[in-house]
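Notes for the one structure printed next.
Since the structure is predicted, the reported quantities are computational estimates derived from the model, not experimental observations. Remember, it's 1-based here, ligands and their atoms both numbered in the order they're listed.
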Amino acid sequence: MNILLLGGGGREHALAWKLSQSRLTDSLYIMPGNPGTQHHGETLEGNPLDFDRVKDVVLSHNITMVVVGPEEPLVRGIHDFFLGDPQLAGVQVVGPQAAGARLEGSKAFAKEFMVRHGIPTAVYKVFAEGEVEAAEKFLSLLTPPYVLKADGLAAGKGVLIHTDYAEACRDVREVLQGDRFGEAGKKLVIEEFLSGIEASVFVLTDGDHYLLLPEAKDYKRIGEGDTGPNTGGMGSLSPVPFFNDALRMKVVKKIIEPTIQGLRHEGIPYSGFIFFGLMVVNGDPYVIEYNVRMGDPEAESVIPRLSNDLAELMSSLGNKTLDRHDVKVDPRCAATVMMVSEGYPGDYTKGHSITLPDDTGDALIFHAGTKAHQGSLVTNGGRVLAVTSMGQTLPDALSQSFQLANKIDFRGCYYRKDLGFDLF
Ligand code: AMP
Ligand code: GLY
């Protein structure tokens, strides 16, 4: 099988690393890939949002399976594009059609879906352009902090949290009357603040059956002790110590199964990953958000713990035979440390040369924002490298990742040294 993987971040490096190990993979192509993915397959130039370019690549390389890493091509309907084109209709796409991708593409749709299917989530209301007064009135009924969410995709920056009522009202006006989030902010979800501990849970589903993958914990804030602005993710750990069997059972019964059944009941086909962003409040799980892809940096710790042949699991989505497989999990723990550019998640500069040690031991270094420049490796993004180690315990895996991160250098490089602080 020839596989085309779309995307070029740390998540896609982890997926490329895994897919390249499959007995079913003849050739793996990654578009646009990065200097890390090139060790696992052939890099192709192009933008995954340029569907005509994707089509050309699929036809010229005899691709039979396309794995979509990020959400945007899915929300924009890449899977539907394939189904609608007779030359592409036989190609399997891993990732939902636009109807299913709305779980991530529209927060209002996701919330309404959860209410329709009795899935626990924060109390909320949706406001449209111009409904400023109604939104402010609703805010006044909530206990702070206030949580405001732009309806559409906002590259991880669409959630605003305020403790001050006046500041929350100012943001309501900016979003609903102004252009704070462009098209993504034409609708606003305001919801109750849930106080608890977060966890990321993933399934792979063919729409009828699902496999529960290892869970992970993501560290979103830039600063130690979970302080400062939100980032794309500063590291991840898997497994999550508090995610015990009792909690897992609740997540399956109250969240995962109603989601899969809800999609079926509404006639929404689904093939691919569902990522449940959960808040656990006094032992009970609530959905904070759905994503229609793997997490990043969660993939960098979850995928290395998956012992199955990933291409084999994915190829069974096409004929809905995922139930013939069981998840096989490496019992070891995985810890991913994200190394970022100075200034991130604010402004940062790129193009600084990266020094990697000769001996990286058993660790995996996944490239997130790197580029080859005149024969050397340079920084090319806010999140630069994800260092993953496996160990018998989480502290053991973490200490191996920290030791390696300490030997990697680029100008202004930063990483959080307190990952796991809230767990042990
Ligand atoms: P998101 O962009 O949806 O991942 O949200 C970013 C972060 O905002 C989440 O990871 C949570 O930490 C926080 N958040 C979102 N919704 C809520 C909520 N209802 N209560 C508390 N925190 C929230
Ligand atoms: N790590 C969170 C996300 O991928 O959205």
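Of all atoms in ligand 1, numbered sequentially from 1 with element shown, those under 4.0 Å from a heavy atom of E191 are 16 (N), 17 (C), 18 (C), 19 (N). For ligand 1, the atoms sitting less than 4.0 Å from at least one non-hydrogen atom of M279 are 21 (C), 22 (N), numbered in the order shown with element in parentheses. Residue contact check: I288 has heavy atoms under 4.0 Å from atoms 15 (C), 16 (N), 17 (C), 18 (C), 23 (C) of ligand 1. Ligand 1 places these atoms under 4.0 Å from at least one heavy atom of K149: 15 (C), 16 (N). Near E198, meaning under 4.0 Å from one of its heavy atoms, ligand 1 places the atoms 9 (C), 10 (O), 11 (C), 12 (O).
Relative ring orientation between Y290 and F113 is described as perpendicular, the plane-to-plane angle rising above 60° on a 0-90° scale split at 30° and 60°. Y219 and F421 have tilted rings, their planes meeting at an angle from 30° to 60° on a 0 to 90° scale. The aromatic rings of W17 and F366 stand perpendicular to each other, their planes meeting at an angle above 60°, with 30° marking the opposite boundary.
What you find for Y270 and G100 is that their closest heavy atoms are CE1-O, 3.9 Å.
Under the 4.5 Å side-chain criterion, counting only non-hydrogen atoms from C-beta, E42 is not in contact with L28.
Screening residues 220-257 for ring-ring contact (aromatic ring centres under 6.0 Å, His included), with sequence neighbours left out, gives no hits.
For the side chain to side chain donor-acceptor pair (under 3.5 Å) test, residues two or more places apart in sequence or in another chain that qualify with D226 are R416. By the ring-ring contact (aromatic ring centres under 6.0 Å, His included) test, F275 is found to be paired with F202, residues two or more places apart in sequence or in another chain being considered.
Under 4.0 angstrom from ligand 1, the non-hydrogen atoms of E192 all belong to its backbone. Only the side chain of K107 comes within contact range of ligand 1, with a heavy atom under 4.0 Å; no backbone atom does.
Looking only at distances, no side-chain donor or acceptor of S341 sits under 3.5 Å from a matching main-chain atom of Y348.
A salt bridge links K111 to E191: at least one charged side-chain nitrogen sits closer than 4.0 Å to a carboxylate oxygen.
Any N or O atom pair closer than 3.5 Å counts here, and V147 shares no such pair with ligand 1.
For the residues L148, V281, V159, V123, the heavy atom positioned nearest atom 8 (O) of ligand 1 is part of V159.
Listed as neighbours of ligand 2 are D218, G232, F275, N291, R293, G295, D296, P297, E298, each bearing a heavy atom under 4.0 Å from the ligand.
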